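Only one structure is covered here, and it is reproduced in the block below.
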Protein chains: 2
Amino acid sequence: MTAKMGIGELARRTACTVETVRYYEHTGLMPNPQRTAGGHRVYGLDHLKRLGFIRRARELGFGMDQIQSLLSMMDSGGLSCGEVARKTEQHLKDVRHRIAVLKKMEWTLSATLSQCHQGETADCPIIDALFTPDGGDD
Amino acid sequence: MTAKMGIGELARRTACTVETVRYYEHTGLMPNPQRTAGGHRVYGLDHLKRLGFIRRARELGFGMDQIQSLLSMMDSGGLSCGEVARKTEQHLKDVRHRIAVLKKMEWTLSATLSQCHQGETADCPIIDALFTPDGGDD
DNA sequence: CCTTGAACCTATAGTTACTTCAGGTCTTAG
DNA sequence: CTAAGACCTGAAGTAACTATAGGTTCAAGG
């Protein structure tokens, strides 16, 4: 059966570590599970789904606070699609901003690299670039 | 004159906070500066240049350990341009990888959003997507 | 029943690159 | 001389985990 499982199996089936599962419990993202007489955690399919949700949201770059608020909405039953969409839109904006910053980095790094003869001299255009304030007219 | 300054001016001229300057000193990126009789830090132009280097490298996404190794090379005088170029290339690869991951996020987020009618129903395609394992044929 | 080894437990510290805080000291202009 | 503002130290907090130490439980085999 796939109904009841320990933390190890849960972790394997969601591709995360047992430490991460315990961490999510600690932070409140995951509920306190049942325990065996000896204190081992016991999980069911609902936990599997919830953890799957968390992992996929994390992969999409949602922060734990954002995930927490999505989960709270779902837990309270008062789930409005519009609200979820607004959070997603905001997150998409963040992601796009991060892409823009990284692209600027990429451009600068590759432009600098292309100027480099990679010799053994001390005259390095990369170092020069890092030592030179941009613009110069501030 | 611009020759001697306190930590506040140094921070202002490198667009970072005084706390960050002290932090860099703590971690060894910045050297221990001279002090006034009362214990206040005193900086010169060399510090200004070094901190400028650090900040620009950070803006390009270099980690503090990478910056540390660039600075050590420079400090020891044995600066080989080829080595700097290799570090930069490696870093550029990291940056490109991060861009690729974020672009995939962006694509998924915007595709999901476009399916959303943003109504007040409980039937939300975003939530559905997050609850559904990808592929399905794992 | 007993042993053994894997899986599990808790609690704490470490990671990155800082920021924030508490509670005091120094400097300088008036 | 005083008061504001810049500065000082050391410790704790942030995000999202990871790692470590040292002990307990579980399940299978003998």
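Only this structure's heavy atoms are used, side chains among them; waters, hydrogens and symmetry mates stay out. A, B, ... follow the sequence lines: proteins, then strands. Residue 1 opens every chain. Predicted model only: the values in this text are computed from it and were never measured.
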Would you please confirm or rule out a distance under 4.0 Å between OP1 or OP2 of [N] and any side-chain N or O of [X]?
| X | N | answer |
| --- | --- | --- |
| R35(A) | dT10(C) | yes |
| Y24(A) | dC17(D) | yes |
| R41(A) | dC9(C) | yes |
| T17(B) | dC18(C) | no |

Which whole-number value in Å describes the distance from [X] [atom1] to [N] [atom2]?
| X | N | atom1 | atom2 | result |
| --- | --- | --- | --- | --- |
| E25(A) | dC17(D) | CD | C1' | 15 Å |
| Y23(A) | dT12(C) | OH | C1' | 15 Å |
| R58(A) | dA15(D) | CZ | P | 11 Å |
| Q66(A) | dA15(D) | CD | C1' | 12 Å |
| R12(A) | dA6(C) | CZ | C1' | 13 Å |
| E19(B) | dA6(D) | CD | P | 13 Å |
| Q34(A) | dT25(D) | CD | P | 18 Å |
| H26(B) | dG10(D) | NE2 | C1' | 10 Å |

With respect to the side chain of H40(B), which nucleotide from dA6(D), dC18(C), dT18(D) is positioned closest? dA6(D)
Kindly give the heavy-atom pair with the smallest separation between [X] and [Y], and that separation in Å.
| X | Y | answer |
| --- | --- | --- |
| V21(A) | A11(A) | CG2-CB, 4.2 Å |
| K87(A) | F62(A) | O-CE2, 4.5 Å |
| P33(B) | R41(B) | CG-CG, 3.5 Å |

Identify whether any heavy atom of T27(A) sits under 4.0 Å from a base atom; if not, whether one sits that close to sugar-phosphate; answer base, sugar-phosphate or nothing. nothing
Whichever of R22(B) and F62(B) has the more 5' nearest nucleotide on DNA chain C, that residue is F62(B)
Along DNA chain C (nearest heavy atom to each residue), the more 5'-positioned of T36(B) and D65(B): D65(B)
Regarding R50(A) and Y43(A), is there a side-chain donor-to-acceptor distance under 3.5 Å anywhere? no
State, yes or no, whether a side-chain contact exists between M105(B) and L102(B) at a heavy-atom distance under 4.5 Å. yes
